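Everything on this sheet refers to the single structure shown next.
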Amino acid sequence: MKTLENKLITKKKKVTTTGANQSFFVQKAEEAAAFLNKINLPQQLVESKS
Amino acid sequence: MNQPSYDFVAKGENYYEFLSVSEQKTIRKAIAYTSIIGQDDWYNLSLVDILPDGTMDDKIVSDNGDMEQVFATIINTLHDFFKKNMSSKVFFKGSTESRTRLYRVIISKLKDSSSNKFEIWGVLNNSAELFKANQPYEAFVIRLKAD
């Protein structure tokens, strides 16, 4: 049943989230930024891995 | 990973959808990785329900009895996300304290199967440390382990 249900969405459509939904996720990212700004991040996490 | 998960479809950049299915109901869910402004290479992970009117809700209690399966699906999207964003760090926290607690329990269970590839950090009292079980973390950071 689960497989059958999921097949309904396995056809890939090249769409993006709507403007309203993008705003939703941007707001969540801003909340994350505010949270991260309060954290003492260890150097290991600040540095990018190459 | 052996944990059962849902098939998902990538829709747009760093955005995935899948169906959470139980005998009682089917819920359309989305996982989004959104760039965090001001933090190079950092992304925020959001897990939301898509309501019938198309709006997103990250606080709704789905109560579909499949949180571990949903979380395993998140892990699978992480694999896909990191293929395109190898040096990125993914930040996430529950939309509520109880949800964060649930994530903590599930991460502890899944860590062994994911730990070969992912480095998981926990955030507690404004500092981050490598994830340890039974710590009351407030948020989490995941990135790929160095080769």
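Just so you know, these numbers come straight off a predicted model, no measurement behind them. So that the names make sense, note that chain A is the first sequence line, chain B the second, and so on, each numbered from 1. No hydrogens, no waters, no symmetry mates; every other heavy atom, side chains included, goes into these values.
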> Linking I/L/V/M/F/W/Y whenever any side-chain heavy atoms sit under 4.5 Å apart, do B:M67 and B:I27 land together?
Replying inline: no
>> Applying a strict under-4.5 Å side-chain criterion to I, L, V, M, F, W and Y, I'd like to know whether B:M86 and B:I75 cluster together.
In response: yes
> With a 4.5 angstrom heavy-atom cut-off, which part of B:S95 approaches chain A: side chain, backbone, both or neither?
Replying inline: neither
> According to a 4.5 Å side-chain heavy-atom criterion applied to Ile, Leu, Val, Met, Phe, Trp and Tyr, with indirect links allowed, do B:I37 and B:Y33 form part of one hydrophobic cluster?
Replying inline: no
> Are the side chain of B:K89 and the backbone N or O of A:L45 linked by a donor-acceptor pair below 3.5 Å?
Replying inline: yes
>> Can you tell me if B:N134 has over 12 outside heavy atoms packed within less than 6.0 Å of its CG?
In response: no
> In terms of hydrophobic clustering (I, L, V, M, F, W, Y; side-chain heavy atoms under 4.5 Å; direct or indirect links), are B:F82 and B:L47 co-clustered?
Replying inline: yes
>> Checking side chain to side chain contact (heavy atoms under 4.5 Å, CB included) between A:K28 and each of B:V48, B:T34, B:L45, B:D58, which is the one that passes?
In response: B:D58
> Quick one: are A:F25 and B:Y15 in side-chain contact, heavy atoms under 4.5 Å?
Replying inline: yes
>> Please say yes or no: joined through hydrophobic side-chain contacts below 4.5 Å, possibly via intermediate residues, are B:V90 and A:V26 part of one cluster?
In response: no
> What are the two closest heavy atoms between B:T55 and A:N21, and how far apart are they?
Replying inline: CA-OD1, 4.2 Å
>> Can you tell me which portion of B:S35 sits under 4.5 Å from chain A's heavy atoms? Options are side chain, backbone, both or neither.
In response: backbone
>> Please find the pair of heavy atoms, one from A:A33 and one from B:I36, that lie closest to each other, and give the distance.
In response: CB-CG2, 3.5 Å
> Looking at OG of B:S127 and NZ of A:K38, how far apart are the two atoms once the value is rounded to the nearest 0.5 Å?
Replying inline: 13.5 Å
>> Would you compute the distance between atom CD of B:E129 and atom CD of A:Q44 and round it to the nearest 0.5 angstrom?
In response: 12.0 Å
> Is the A:F35 to B:F91 ring centre distance short of 6.0 Å?
Replying inline: yes
>> With side chain to side chain contact (heavy atoms under 4.5 Å, CB included) as the criterion, how do A:L41 and B:W42 come out once you've worked through the C-alpha distance, each side chain's angles and the decisive distance to 0.1 Å?
In response: CA-CA 12 Å; A:L41 289 172; B:W42 284 74; 3.8 Å; yes
> Considering only heavy atoms from C-beta outward, does the side chain of B:N126 approach that of A:N40 to under 4.5 Å?
Replying inline: no
